[in-house]
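The structure under discussion appears below in the form of structure tokens.
Count residues from 1 along the sequence.
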Amino acid sequence: MIIYPAIDLRRGRCVRLHQGDPAAETVYSDDPIATAERWVAEGAEWLHVVNLDGAFEEASDNPRAVRAIALAVTVPVQFGGGLRTLDEIGAALDWGVARVVLGTVAVREPEMVAQAVRRFGGERIAVGIDARDGKVAIRGWQEQSTLTALELAERVKAAGVERIVYTDISRDGTLAGPNVARTGELAQQSHLRVIASGGVGSLDDLRQLRWIEPYGVEGVIVGQALYTGTIRLPAARRLLESEIPLFNDELRDG
């Protein structure tokens, strides 16, 4: 299982939002490139970068920061937020981004997702399924759709998508733990590869996610817990790479 450190960009800064609320923002860094380099130095194999301004349909210079991150680091970058057209997807991939995550457009224009898969390949196109009370939210989580997470998963699978990023919005930015049951259920029922997101706050949370890895849960996005030091990336990697889940004293850094 791969850990994706989250770099959420708002007005050029690295932030975390509580349950996706733009009014509940905590700024952790004014230097996205230094933040990306920090996670890579600590052992990150991938980075998950989000343009929050794009998700909220606001103009910003965040794309410039994303390009700079992709050029600066030696690991692949997964990027999403505000990608609405094939040209925007192609531009992001041209920056050096390895994979894009589509959200709102997967609900509003499902045929475009199929076109993106045909043009760029299934490995380079993922879909973000962000759910609140079981229903998919779009436009930076500001608008609720009528689709359930499983319905959207089945729709994008039919379009050729192989991988989804699943977020329980009620858990995101809370450190209260991921929705392990719903994540495992979605992976098992959809038969898609799933990257878990939202609420990871401890090594125990990662240990629980490992138990559902056989269902197809191949990765986990960790944000606030890394920024606050609740989770240390080297220890988290040792946990997920070990054959037997380890206890906290066996994972202690140093």
Side-chain angles (χ1 to χ4, degrees), residues 2-10 14 20 32-33 36 39-40 44-130 136-141 149 152-153 155-167 172 190 192-198 218-223:
I2 295 171
I3 297 174
Y4 293 73
I7 300 176
D8 291 354
L9 300 174
R10 193 159 190 231
C14 299
I33 298 173
W39 299 137
V40 173
E45 300 170 89
W46 276 79
L47 297 176
H48 178 75
V49 181
V50 178
N51 176 7
L52 289 175
D53 296 334
F56 295 140
E57 300 180 352
E58 300 172 353
S60 77
D61 288 333
N62 287 342
R64 184 181 301 173
V66 177
R67 289 194 294 270
I69 289 171
L71 287 170
V73 300
T74 56
V75 301
V77 174
Q78 176 173 272
F79 168 64
L83 297 172
R84 305 281 193 261
T85 69
L86 290 173
D87 286 344
E88 289 173 348
I89 294 167
L93 294 172
D94 287 343
W95 300 339
V97 168
R99 181 189 300 145
V100 300
V101 182
L102 306 179
T104 298
V105 72
V107 174
R108 290 181 170 172
E109 300 180 61
E111 177 53 31
M112 206 204 77
V113 176
Q115 292 173 4
V117 171
R118 288 194 295 269
R119 181 177 297 189
F120 304 111
E123 274 299 315
R124 306 197 79 185
I125 304 295
V127 167
I129 298 182
D130 309 320
V136 175
I138 58 177
R139 291 189 62 248
W141 304 350
L152 182 55
R155 175 188 288 184
V156 301
K157 182 180 180 181
V161 170
E162 303 171 3
R163 177 181 288 101
I164 58 176
V165 177
Y166 174 68
T167 304
D172 196 67
S190 70
L192 289 166
R193 285 176 276 177
V194 176
I195 299 171
S197 175
E218 65 173 19
V220 54
I221 295 170
V222 184

For V113 and A106, work out which heavy atoms get closest and say how close. CG2-CA, 3.6 Å

Please examine the side chains of L86 and R119, heavy atoms only from C-beta on, and report whether any two atoms are closer than 4.5 Å. yes

Not counting sequence neighbours, which residues clear side-chain contact (heavy atoms from CB on, under 4.5 Å) with S190? List them please. L150, A153, L192

Does any part of the side chain of I221, heavy atoms only, come nearer than 4.5 Å to the side chain of H48, both counted from C-beta? yes

What pair of heavy atoms forms the shortest contact from P32 to I7, and how long is it? O-CD1, 4.5 Å

What pairs meet the salt bridge (Lys or Arg N to Asp or Glu O under 4.0 Å) rule with one or both residues in residues 102-113, with sequence neighbours excluded? E57-R108, R108-E143, E111-R118

Any ion pair linking E123 and R193 (charged N to carboxylate O, less than 4.0 Å)? yes

Determine whether V40 and T74 make a side-chain contact, defined as any pair of heavy atoms from C-beta on separated by less than 4.5 Å. yes

Nearest non-hydrogen partners of E45 and P76, listed with the distance: O-CD, 3.3 Å

Residues pairing under ring-ring contact (aromatic ring centres under 6.0 Å, His included) where one sits in residues 69-117, two or more places apart or in two chains, turn out to be F79-W95

Closest approach of V77 and V49, non-hydrogen atoms and distance? CG1-CG2, 3.7 Å

Which pair of heavy atoms, one from D130 and one from V165, lies closest together, and at what distance? OD1-O, 4.4 Å

Those residues at least two apart in sequence (or on a different chain) that pass ring-ring contact (aromatic ring centres under 6.0 Å, His included) with Y4 are W46

Would you call L9 and L52 a side-chain contact if the rule is heavy atoms closer than 4.5 Å? no

Among residues at least two apart in sequence or on other chains, which ones pass side-chain contact (heavy atoms from CB on, under 4.5 Å) with R155? P110, L147, L152

Without swapping roles, check the side chain of N62 against the backbone of N51 for a donor-acceptor pair under 3.5 Å. no

Starting at CH2 of W39, measure out to CD1 of I69 and round the result to the nearest 0.5 Å. 12.5 Å

Close side-chain approach of R163 to V194, heavy-atom, < 4.5 Å: no

Please give me the minimum heavy-atom distance between A44 and P5, naming the atom from each residue. CB-CG, 3.7 Å

With a 4.5 Å limit on heavy-atom distance, are the side chains of V105 and V107 in contact? no

Nearest 0.5 Å, please: how far is CD in E218 from CD1 in I195? 5.5 Å

Sorted by chain and residue number, the side-chain contact (heavy atoms from CB on, under 4.5 Å) partners of V117 (sequence neighbours excluded) come out as I125, V161

Passing candidate, side-chain contact (heavy atoms from CB on, under 4.5 Å) with I89, options Q115, M112, R84, R124: M112

Are the side chains of V73 and L47 in touch, meaning some heavy atoms are under 4.5 Å apart? yes

